[in-house]
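Only one structure is covered here, and it is reproduced in the block below.
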Amino acid sequence: MVENSATAAVKTKEMIKTPSGFNIIWRELMRDKLALISLICLIGIAAFVYGVSLVLDQEEIVRVDLFAIYQSPGEDFILGTDYGGRDVFGQLIIGTKNSLSIAIIVTLMTGFIGVVFGLVAGYFGGHIDNMLMRILDFFNILPFTMIVIAFVAIVPTYSVLTFSIIMAAFLWMGIARLIRSKALQEKELDYIQAARTLGTSNFKIIFKHLLPNCSSLIIVTMTLNLAANIGLESGLSFLGFGFPEDTPSLGTLLSYARNPQTLEYRWWIWVPASVLILILMLCINNVGQALKRATDARQRRG
Amino acid sequence: MGFLKVEDLKVHFPIKGGFFGRTLGYVKAVDGVSFNLEKGKTYGLVGESGSGKSTTGRAIIGLNHITDGKIEFEDKEITKIHRAKAEIRKDIQMIFQDPYSSLNPKKRVLDIVAEPLRNFERLSRKEERFKVQELLELVGLSPESILKYPHEFSGGQRQRIGIARAVALKPKLIIADEPVSALDVSVQAQVLNFMKEIQRELDLTYLFISHDLGVIRHMCDHIGIMYKGRFVEEGTANEIFNEPQHIYTKRLIAAIPDIDPNKREELKRFRAEVSTEYEQAYNDYFDEEGLAYGLKPISETHLVALPEKG
Amino acid sequence: MWKFSLRRILIMIPQLFALSLLIFILAKMMPGDALSGKIDPNIDPARIEELREEMGWNDPWHEQYARWVGGVVKGDFGQSFRFKMPVTEIIGQRIVNSFWLSLVTLILTYLIAIPLGITSGRFNDTLRDHLITGYSYIGFATPLFIFALVMLWVFGFQLQWFPTSGSVAPGLEPGTFDYVASKLYHLLLPAFSMALIQTYSTIQYLRNEIVDTKQRDFIITARAKGASETRVYNNHILRNSLLPIAAFFGYEITLLIGGSIFVENIFGYPGMGQLLVESITLRDYSVVTATTLLFGVASVLGALLSDIILSIIDPRIRIK
């Protein structure tokens with residue numbers, strides 16, 4: 001009996017150390033009903049939006065039609081039209097596509113900057129870490145919305161790319177901090193020391209040893225960041241500092257509600273977009289939280 | 001002509017603090033250690049935890065910053081070599097204490113064992129695979145296991161993988177940092193005997209670091225006893241175990257357990273004796289800070305840390 | 001503690017320097033300068049050049065920077081070329097409005113979050129806890145501007161319980177009771193919108209802290225001695241958990257600043273956030289620079305304040 005429980009203990013210990021952690025994460029996700037529904041929802045929305053926007057004629061949708069302004073939902077337009085007579089439903093599809101795309105681009109950019117920054121600071125430690133952390137602290141205290149708005153206002157050639165670069169430039173700190181502390185822990189482990197004695201270069205150690213061992217943390221953080229970025233992007237577009245009007249995002253539709261008339265009487269313009277943003281953010285957050293539980297052995301549900 | 005010569009090695013870690021993170025003082029992990037290592041022999045570094053034995057090993061291979069002193073390997077000074085690709089890395093390798101953390105959990109055995117080969121030798125995929133299989137066979141693992149991950153092996157098997165990795169480049173010196181202390185006692189002997197085997201086969205020299213005198217006795221030709229960053233006694237295995245001179249060494253040896261139950265009473269009395277002697281003579285063997293004195297030769301190979309007067 | 005505070009303040013100096021430099025560069029990059037808006041296009045270009053020289057626009061950048069910083073320190077942010085008056089004057093009233101909005105929001109946040117956090121922690125894994133956690137999680141996942149829009153729609157337009165724009169009803173004499181009451185009335189809806197959304201971190205922190213402390217030995221000892229449950233909570237658990245909450249308010253300032261820009265624009269509340277957006281749309285760059293700088297300085301000071309208070313409460317962080 002004692003023998004058995006001892007081997008069982010060893011086994012569980014080994015299970016936790018299992019590197020094929022992706023299987024575990026996947027299993028956990030499948031077990032978490034809410035997260036599973038959210039994931040299906042997300043995939044559905046994304047597939048629908050990207051699929052339909054292939055068929056939709058974007059030029060047609062953003063073209064102003066003065067004979068059809070502010071039409072309420074009906075036969076001609078499922079979700080009515082805005083002040084330019086543009087089809088809200090079509091804008092919703094394109095807006096969701098644009099919002100999702102830019103959120104993904106920004107998440108990847110911040111992920112890249114943050115991971116490299118965090119790994120370098122954590123692996124080298126000492127003076128390098130000190131210096132990098134000072135820089136991070138500085139970026140951290142900047143009021144994000146203000147700085148981004150100011151930058152967006154002055155950039156001469158304003159496009160989706162410059163917008164995402166500006167956003168990413170002030171959003172990489174969170175993930176950098178997390179990766180740094182993970183790297184600080186991880187580099188004390190013998191396999192990193194071993195790699196050094198085997199003549200592996202620092203560059204290789206960082207990207208071939210440290211990076212794979214931070215992968216689950218990176219995936220979880222980036223998922224949660226994706227949700228946050230959708231909110232940030234639509235917020236900036238709402239204020240009028242996001243996408244230009246000919247590339248509508250979900251925030252652009254909401255920005256029409258800054259006109260009190262629209263807010264009060266023409267709900268069809270801004271309510272669907274709000275609901276969609278909420279659904280997207282909740283779903284992505286649910287998936288992210290489930291991933292977080294799955295990668296944290298203490299929180300695992302069993 | 002020496003194989004490995006360590007001269008007055010010092011590794012001090014600064015204690016940061018105060019207003020601007022100034023250095024307030026130093027932890028003297030290794031404080032003036034000298035010894036020589038002959039080719040093909042095994043040198044044992046013994047001491048309690050925190051005595052600086054592991055730091056010494058890590059400093060030699062370049063994992064710790066060396067504050068002062070000199071290390072010569074085959075008459076070449078290697079104290080200041082930090083480059084990853086330095087040839088010296090091929091000749092000195094290390095076996096780590098914890099077989100669980102010393103293998104990257106995200107890598108297959110093939111990648112783990114091939115890592116040093118990829119750093120120093122240009123092999124084709126096929127050659128590399130063949131070489132790794134050869135190495136696995138050498139350490140007694142099935143060559144089919146190259147695609148498995150570390151967690152699929154037991155502690156003893158993992159340590160063998162670590163050894164395969166360490167010998168992949170045909171090194172001359174292997175620093176073994178407590179290679180068996182994380183293993184079950186039943187597996188310890190297996191791994192130790194196996195290490196002796198490959199020592200003969202590959203003509204290796206070991207610097208064997210351990211806190212376990214039983215293991216050291218089994219493995220080593222020469223022994224250095226460390227205490228608080230300094231040597232208290234150095235000599236051949238015979239001299240250390242049969243004629244210990246320093247009071248600290250005596251105490252360590254008295255603490256070795258004996259499996260013969262008939263000797264239990266005798267051993268107990270002996271330990272009590274040594275313990276009283278240790279307390280009474282403490283001031284004769286250690287200075288005011290509780291550190292060992294410099295080493296004085298009492299025979300050709302036997303050195304003991306004794307105060308000037310005695 | 002003094003040592004830590006002093007060191008923390010010393011760290012702040014390069015931060016402020018970098019902040020001012022960043023904003024100065026922003027200002028320099030902005031298209032056009034104060035003159036291009038001010039001057040009649042019929043004026044001789046040579047005269048413009050003369051004026052530029054006079055204003056120091058042709059000096060090396062570090063001299064311009066030094067002059068600008070010198071002005072800022074004395075409270076001189078230059079001239080707004082849209083409103084033709086000193087920026088400081090424009091900002092004056094707005095800053096007061098923003099300050100009150102932030103203060104009321106902060107108070108409301110704590111009034112909502114602390115009781116909920118305590119309930120959630122004390123009765124963890126009950127229905128009550130799940131409801132509270134669910135609410136704060138939805139708050140966390142909802143963008144502030146959407147929530148604020150909905151609040152304005154429901155309580156401002158549909159139910160008409162609250163005013164839908166402005167900071168005070170027109171025609172009231174400053175200093176009278178009615179004036180103050182009207183100000184507060186205008187504040188409530190925007191402040192509630194922000195507060196309800198921002199409770200997540202406080203509730204979660206309190207909950208985790210209480211769940212943790214609950215199982216500590218000294219709490220079990222207190223219970224074993226026969227202290228009543230209320231006494232255990234008031235004297236032992238809360239004392240440990242509430243102080244850090246109070247200290248976090250400095251960090252909350254950054255959040256409040258970020259939120260104010262949305263809330264002020266949605267509720268038409270004349271504060272700094274609204275000013276920033278307005279002046280960018282009007283290309284009134286000297287105002288943009290000034291507001292951005294002030295927001296930045298407020299964040300820096302907030303972080304400083306929290307760090308110092310935390311170091312007093314929790315000696316462990318002083319080591320770092």
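Below, read A as the first sequence line, B as the second, and so on, with proteins coming before strands; counting in each chain starts at 1. Everything numeric here is computed off the predicted structure, so don't read it as measured data. All heavy atoms count here, side chains included; hydrogens, waters and symmetry mates do not.
Using a 4.5 Å cut-off between heavy atoms, Phe151(A) touches chain C through backbone and side chain atoms alike. Residue contact with chain C, scored on non-hydrogen atoms closer than 4.5 Å, involves the backbone and the side chain of Ala150(A) alike. Contact of Ala18(C) with chain A is made through backbone and side chain together, with heavy-atom distances under 4.5 Å. Both the backbone and the side chain of Ile257(C) come within contact range of chain A, judged by heavy atoms closer than 4.5 Å. Leu22(C) touches chain A through its side chain: at least one heavy atom from C-beta onward sits under 4.5 Å away, while N, CA, C and O do not. Looking at Leu144(C), neither its backbone nor its side chain comes within 4.5 Å of chain A, counting heavy atoms on both sides. Only the side chain of Ile266(C) comes within contact range of chain A, with heavy atoms under 4.5 Å apart. Contact annotation for Phe144(A): neither backbone nor side-chain heavy atoms come within less than 4.5 Å of a heavy atom of chain C. With a threshold of 4.5 angstrom between heavy atoms, Ile261(C) approaches chain A through its backbone and through its side chain.
Heavy-atom contacts from other residues, nucleotides or ligands closer than 6.0 Å to CZ of Phe117(A) number more than 12.
Distance CE/Met12(C) to CG/Asp137(A): 13.5 Å, rounded to 0.5 Å. Rounding to the nearest 0.5 angstrom, the gap separating the OG atom in Ser255(A) from the CZ atom in Phe145(C) is 9.5 Å. Distance check: Phe241(A) CZ to Ile280(C) CD1 gives 4.5 Å after rounding to the nearest 0.5 Å. Rounded to the nearest 0.5 Å, atoms OG (Ser299(C)) and CE (Met146(A)) are 8.0 Å apart. Once rounded to the nearest 0.5 Å, the distance linking CG of Leu236(A) with CZ of Phe262(C) reads 5.5 Å. Rounding to the nearest 0.5 Å gives a distance of 4.0 Å between CD1 of Ile277(A) and CD1 of Ile146(C).
Chosen from Ala227(A), Ala257(A), Ser234(A), the residue pairing most often with chain C at heavy-atom distances under 4.5 Å is Ser234(A). Among the candidates Thr145(A), Asn286(A), Asn140(A), Ile141(A), the residue making the largest number of heavy-atom pairs closer than 4.5 Å to chain C is Ile141(A). Each of Ile147(A), Val152(A), Ile149(A) has some count of heavy-atom pairs under 4.5 Å with chain C, and the biggest count is that of Ile149(A). When Gly235(A), Ser274(A), Ala228(A) are compared by the number of non-hydrogen pairs under 4.5 Å with chain C, Gly235(A) comes out ahead. Ranked by heavy-atom pairs under 4.5 Å with chain A, the first of Thr254(C), Val288(C), Leu19(C), Thr281(C) is Leu19(C).
Here the shortest heavy-atom pairing between Gly231(A) and Pro143(C) reads CA-CG, 4.3 Å. Of all heavy-atom pairs between Tyr200(C) and Gln289(A), the closest is OH-NE2, 4.5 Å. When every heavy atom of Pro260(A) is checked against every heavy atom of Phe157(C), the shortest pair comes out as CB-CZ, 3.9 Å. Closest non-hydrogen pair, Leu149(C) versus Leu254(A), comes out as CD1-CD2, 3.5 Å. Heavy-atom minimum distance, Ala141(C) versus Met281(A): O-CE, 3.1 Å.
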message = Walk me through whether Leu16(C) and Phe138(A) qualify under side-chain contact (heavy atoms from CB on, under 4.5 Å).
response = CA-CA 9 Å; Leu16(C) 284 177; Phe138(A) 173 67; over 6 Å; no
ask   = After noting the C-alpha distance and the side-chain angles of Thr142(C) and Leu282(A), does the key distance pass the side-chain contact (heavy atoms from CB on, under 4.5 Å) rule?
value = CA-CA 8 Å; Thr142(C) 310; Leu282(A) 267 175; over 6 Å; no
message = Set out, in order, the CA-CA distance, both residues' side-chain angles and the distance that settles side-chain contact (heavy atoms from CB on, under 4.5 Å) for Tyr137(C) and Asn285(A), then state yes or no.
response = CA-CA 9 Å; Tyr137(C) 177 63; Asn285(A) 266 316; 3.2 Å; yes
query = Step by step, would you call Trp267(A) with Trp153(C) a ring pair (Phe, Tyr, Trp, His ring centres under 6.0 Å)?
reply = CA-CA 10 Å; Trp267(A) 59 270; Trp153(C) 188 42; 8.1 Å; no
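Contacts from residues 165-177 of chain A to chain C, taken as heavy-atom pairs separated by less than 4.5 Å, involve no residues at all.
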